[in-house]
Amino acid sequence: MSGREAPPWQAALDADGSAYTIHEHAPAHTVAERQALPFPWEQAVKTLAFTTPEIPLLLVALRANDRVDYTRLAIAAGTSRSRLRVAGPDILGQEGLAPGGIPPISHRPGVPSLIDTAVVESDQPVYCGAGSADRTLQVHPEVLARLPRAHVTLLHR
């Protein structure tokens, strides 16, 4: 890693004491650009960000090719489908995050992370957002599952 300051969410991983790696690379904004990175696509995890009237930010981690089941997501979040909204750039910016680089981890106590069961079924490391389009987090899925405010549940279609 270069001389950049560590992002606040990284403290949750450091507190866990588990190994992880943050890879720096050319910015990758599209799926095609992400697939061109030197990480196995079948181990890629995307993090979607939502908001509800009760939850200012909700992180949802799925395998890159999976699609979220909004009914399951609403139930897991304890809300109705009609109250779920995609978190906009303003909310992400307040967290120091950029679309396309959202990690499935937050340093804020009120931010839950819902992790799809398919993500944690693998014994291989996963590759996910690390806060910006030019960084990728490599971590074992069981680490994500045991972090504070992480909840593993079936979320994909």
- Note on the structure: Rounding to 0.5 Å, atoms CZ (Arg85) and OG1 (Thr79) come to a distance of 9.5 Å
- Rounded distance [0.5 Å steps], CG in Asp123 versus CD in Glu142: 8.5 Å
- Working to the nearest 0.5 Å, report the span between OH of Tyr70 and CD1 of Ile75. 15.0 Å
Which atom pairs, one a donor and one an acceptor, fall under 3.5 Å between side chains of residues 40-47 and the rest of the protein, sequence neighbours left out?
from, atom 1, to, atom 2, distance (Å)
Trp41, NE1, Asn65, OD1, 3.1
Gln43, NE2, Pro125, O, 2.6
Lys46, NZ, Ala64, O, 3.4
Lys46, NZ, Asp66, O, 2.6
Thr47, OG1, Ile102, O, 3.2

- Minimum side-chain heavy-atom gap Glu24-Asp134 below 4.5 Å: no
- Should Ile115 and His151 be marked as a side-chain contact (heavy atoms from CB on, under 4.5 Å) after you check the CA-CA gap, both sets of side-chain angles, and the distance that decides it? CA-CA 6 Å; Ile115 301 170; His151 305 282; over 6 Å; no
- Item | Val31/Glu33 under side-chain contact (heavy atoms from CB on, under 4.5 Å): CA gap, chis, key distance, verdict | CA-CA 5 Å; Val31 170; Glu33 289 171 339; over 6 Å; no
- In sequence, state the C-alpha distance, the side-chain angles, and the governing distance for Arg135 and His23, and then conclude on side-chain contact (heavy atoms from CB on, under 4.5 Å). CA-CA 5 Å; Arg135 301 173 90 195; His23 301 277; over 6 Å; no
- Considering all heavy atoms of both residues, which atom of Gly129 and which atom of Leu137 are nearest to each other, and what is their separation? O-CB, 3.7 Å
- Query: Does one hydrophobic cluster hold both Leu48 and Leu92, with members joined at side-chain heavy-atom distances below 4.5 Å?
  - Reply: no
- Set of residues satisfying salt bridge (Lys or Arg N to Asp or Glu O under 4.0 Å) with respect to Arg81, sequence neighbours excluded: none
- Query: Are any of the side-chain heavy atoms of Val120 and Leu144 separated by less than 4.5 Å?
  - Reply: no
- Message: With a 3.5 Å distance limit and no angle check, can you tell me whether Gln10 reaches the backbone of Ala6 through a side-chain donor-acceptor pair?
- Response: no
- Item | Any donor-acceptor N or O pair under 3.5 Å, side chains His140, Ser18 | no
- Single-linkage hydrophobic cluster Leu97~Ile105, side-chain heavy atoms < 4.5 angstrom: yes
- Message: When you compare the side chains of Ser122 and Gln124, does any donor N or O come within less than 3.5 Å of an acceptor on the partner?
- Response: no
- Task: Give the intermediate values and the outcome of salt bridge (Lys or Arg N to Asp or Glu O under 4.0 Å) for residues Asp16 and Arg146.
- Result: CA-CA 9 Å; Asp16 181 73; Arg146 71 173 174 244; 2.9 Å; yes
- Leu73, Leu62: one ILVMFWY side-chain cluster at the under-4.5 Å cut-off? yes
- Atom of His25, atom of Ala133 and distance for their closest heavy-atom approach: CE1-O, 3.4 Å
- Query: Nearest heavy-atom pair of Thr51 and Val86: which atoms, and what distance?
  - Reply: CG2-O, 4.4 Å
- Item | Non-hydrogen atoms of Leu147 and Ala12 that approach each other most closely | CD2-O, 3.6 Å
- Could you tell me whether the side chain of Ser113 and the main chain of Pro104 form a donor-acceptor pair under 3.5 Å? yes
- Is a side-chain N or O of Arg149 found less than 3.5 angstrom from the main chain of Val111, in a donor-acceptor match? yes
- Message: Looking at Leu155, is its backbone amide N or carbonyl O close enough to the side chain of Asp69 to form a donor-acceptor pair, meaning the two atoms are under 3.5 Å apart?
- Response: no
- Item | Residue pairs passing the ring-ring contact (aromatic ring centres under 6.0 Å, His included) test where at least one lies in residues 109-130, sequence neighbours excluded | Phe39-Tyr127
- Item | Ala28 to Leu37 - nearest heavy-atom pair and separation | CB-CD1, 3.9 Å
- Query: Should Ile55 and Phe50 count as side-chain neighbours, where that means a heavy-atom distance under 4.5 Å?
  - Reply: no
- Message: Once rounded to the nearest 0.5 Å, what's the spacing between atom CG of Asp116 and atom CZ of Arg67?
- Response: 14.0 Å
- Check Cys128 against Val139 and note the closest heavy-atom contact, atom names and distance. SG-CG1, 4.5 Å
- Item | Heavy atoms from other residues, nucleotides or ligands near CZ of Arg157 exceed 12 (cutoff 6.0 Å) | yes
- Query: Linking I/L/V/M/F/W/Y whenever any side-chain heavy atoms sit under 4.5 Å apart, do Val68 and Leu59 land together?
  - Reply: no
- Message: Starting from Ile22, can I reach Val143 by hopping between I/L/V/M/F/W/Y residues whose side chains sit under 4.5 Å apart?
- Response: yes
- Item | Minimum side-chain heavy-atom gap Arg108-Glu95 below 4.5 Å | yes
